[in-house]
Amino acid sequence: MDLRTPLFGLVLAFGVPAAAFAQQCGGDFDAWRAGVEAEAAGQGVGQRGLSALNQARLDQNVLSRDRAQGVFTQTFREFASRMINDYRLTNGRANLQKYADTFARAESEFGVPGPVIASFWALETDFGAVQGDFSTLNALSTLAHDCRRPELFRPELIALLKLIDQGVVDAGVTGAWAGEIGQLQMLPTDYLEKGMDGDGDGRIDLKGSAPDAILTAAKAISTLGWEAGQPWLDEVRVPASLPWAETGLVSRLPRSEWSRLGVTARSGAPLPADGLSARLILPMGHRGPAFLAYDNFDIYLEWNQSLIYTLTAAHLAARLAGAPAFDPNQPEPGLEPEAIKRLQQKLADRGYDVGGIDGILGLNTRLAVRQEQLRLGLPADGWPTPVLLANL
């Protein structure tokens, strides 16, 4: 799915200081490409991979997509209702049966349940049907040359050249605009380092082989820290009054403490009185849907930093595992993107780092909203409302 921030690669790239690439982006493309060629050769890329690099071209459509990810202005209810549809639920369940042996192997070897993998498979490519038609070579060259995130994309470009050099993919391989390849949209570093032959044909084909894609995704998710046998997300009900400042991504409490505070299972049954750590996520405020997010939910946040996307993916996995559709409840009216921009500007004027005046309700904006809600005596749930905006 081309909305995703490709964080499998980002986890690897963070090990390289951004300063190391500060002078290795922008400028004359041919000169820049010569620098990449030298670096790739130094990492063992042979003539086939280096020749492919000479075919690379800049793609302005890639930069346009990178700058305009407006879907993140949607609310959780809007995004989840659109993305968790009958097609994905029906085909998700069918594929869990069709590839039952592969999913069983994935859970046995890596501890990742089938519904978790199937939910990403659904959201990323509709089970392989929509993998993207961007030239991966051009996409990664464009994003590595661009100075916005070269520390992420330059290593991915070199990993792609290694895949081409080894004959794993050809120079014309296509995928998403951000360089992800295959049915579960793996970046080249993950393809190179975590690729698995799931169907036993002696090659790793993440575009054409569902078993290869499933097992590779399971391995990648596992290496991010997935805890086998542990939950990831439960829908819950919350009382009318809570210490709202403890909700969201800012703190974790034992499940027994959430129970003591009046949080129950969606059915109204008491929560298990155990020490399992969880965060209470209120994507649309204290009157909207509510979820307990466990440690495994952190893996979703490493896949994609958008809370809206990650909650949707985690809830879709829960649906495929048998949970009902979430109860939207009756959230307070929120703000349209233009109003969120005005809110962000007011917050920035007060000294908050909101991560940009972009109309997107990201983590920084939610944290700033929470602080202002506390100051004004409003429920500190991180959900911006017209009342909050009027009082700033």
Side-chain angles (χ1 to χ4, degrees), residues 1 4 8 80 83-132 168 175-176 180-187 190-191 193-235 291 293-300 302-304 309-326:
M1 180 180 181
R4 180 161 67 89
F8 282 153
M83 302 302 287
I84 303 177
N85 53 39
D86 289 341
Y87 172 86
R88 288 179 173 139
L89 289 168
T90 298
N91 284 277
R93 292 168 184 138
N95 278 306
L96 284 167
Q97 292 184 344
K98 180 178 180 179
Y99 298 104
D101 289 346
T102 303
F103 282 115
R105 179 183 168 191
E107 185 159 14
S108 173
E109 292 187 17
F110 302 109
V112 184
V116 171
I117 303 168
S119 70
F120 283 124
W121 192 13
L123 293 178
E124 296 295 344
T125 67
D126 275 334
F127 310 104
V130 186
Q131 298 186 32
V168 178
E180 303 99 331
I181 302 169
Q183 298 191 32
L184 274 129
Q185 299 287 266
M186 297 287 110
L187 282 167
D190 294 298
Y191 203 141
E193 298 171 8
K194 302 177 182 69
M196 294 195 65
D197 176 14
D199 56 19
D201 68 352
R203 58 192 293 264
I204 300 170
D205 178 11
L206 300 189
K207 288 180 67 71
S209 171
D212 290 8
I214 291 166
L215 284 178
T216 300
K219 184 176 182 180
I221 292 169
S222 174
T223 59
L224 290 175
W226 186 272
E227 297 180 25
Q230 295 298 309
W232 58 93
L233 190 77
D234 282 327
E235 186 181 2
F291 303 91
Y294 303 100
D295 288 350
N296 275 338
F297 184 73
D298 292 353
I299 309 310
Y300 285 87
E302 293 196 49
W303 184 291
N304 189 307
Y309 179 92
T310 53
L311 270 180
T312 298
H315 181 60
L316 175 54
R319 292 290 307 277
L320 292 174
F326 70 87

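In what follows, every heavy atom counts, from backbone to side chain, and hydrogens, waters and symmetry copies are set aside.
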Do [X] and [Y] have side chains that get closer than 4.5 Å, going by heavy atoms?
X    : Y    : answer
L184 : T216 : no
R319 : L89  : yes
F127 : K98  : no
Q183 : Q131 : yes
Y294 : D234 : yes

Find the distance between [atom1] ([X]) and [atom2] ([Y]) and round it off to the nearest 0.5 Å.
X    : Y    : atom1 : atom2 : result
E109 : M196 : CD    : CE    : 5.0 Å
D126 : M83  : CG    : CE    : 7.5 Å
L206 : Q185 : CG    : CD    : 10.5 Å
E107 : I117 : CD    : CD1   : 8.0 Å
Y99  : W121 : OH    : CH2   : 5.0 Å
D190 : T223 : CG    : OG1   : 7.0 Å

Would you sort out whether L123 and R88 count as a side chain to side chain contact (heavy atoms under 4.5 Å, CB included), showing the intermediate values? CA-CA 8 Å; L123 293 178; R88 288 179 173 139; 4.2 Å; yes
Would the distance check show the side chain of [X] and the main-chain N or O of [Y] forming a donor-acceptor pair, the cut-off being under 3.5 Å?
X    : Y    : answer
N95  : A118 : no
D199 : P211 : no
Y309 : W303 : no
D197 : I204 : no
W226 : I299 : no
N304 : T310 : no

Looking only at heavy atoms, what is the nearest atom pair of I214 and A106, with distance?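 Closest approach of I214 to A106, heavy atoms only: CG2-CB, 4.4 Å.
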Can you say whether the rings of F291 and F326 are parallel (under 30°), tilted (30 to 60°) or perpendicular (over 60°)?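 Taking F326 first and then F291, their aromatic rings stand perpendicular (interplane angle over 60°).
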Go through the steps to decide whether L311 and Y300 satisfy the test side chain to side chain contact (heavy atoms under 4.5 Å, CB included), and finish with yes or no. CA-CA 8 Å; L311 270 180; Y300 285 87; over 6 Å; no
Yes or no on side chain to side chain contact (heavy atoms under 4.5 Å, CB included) for L320 and R93, after CA distance, side-chain angles and deciding distance? CA-CA 6 Å; L320 292 174; R93 292 168 184 138; 4.0 Å; yes
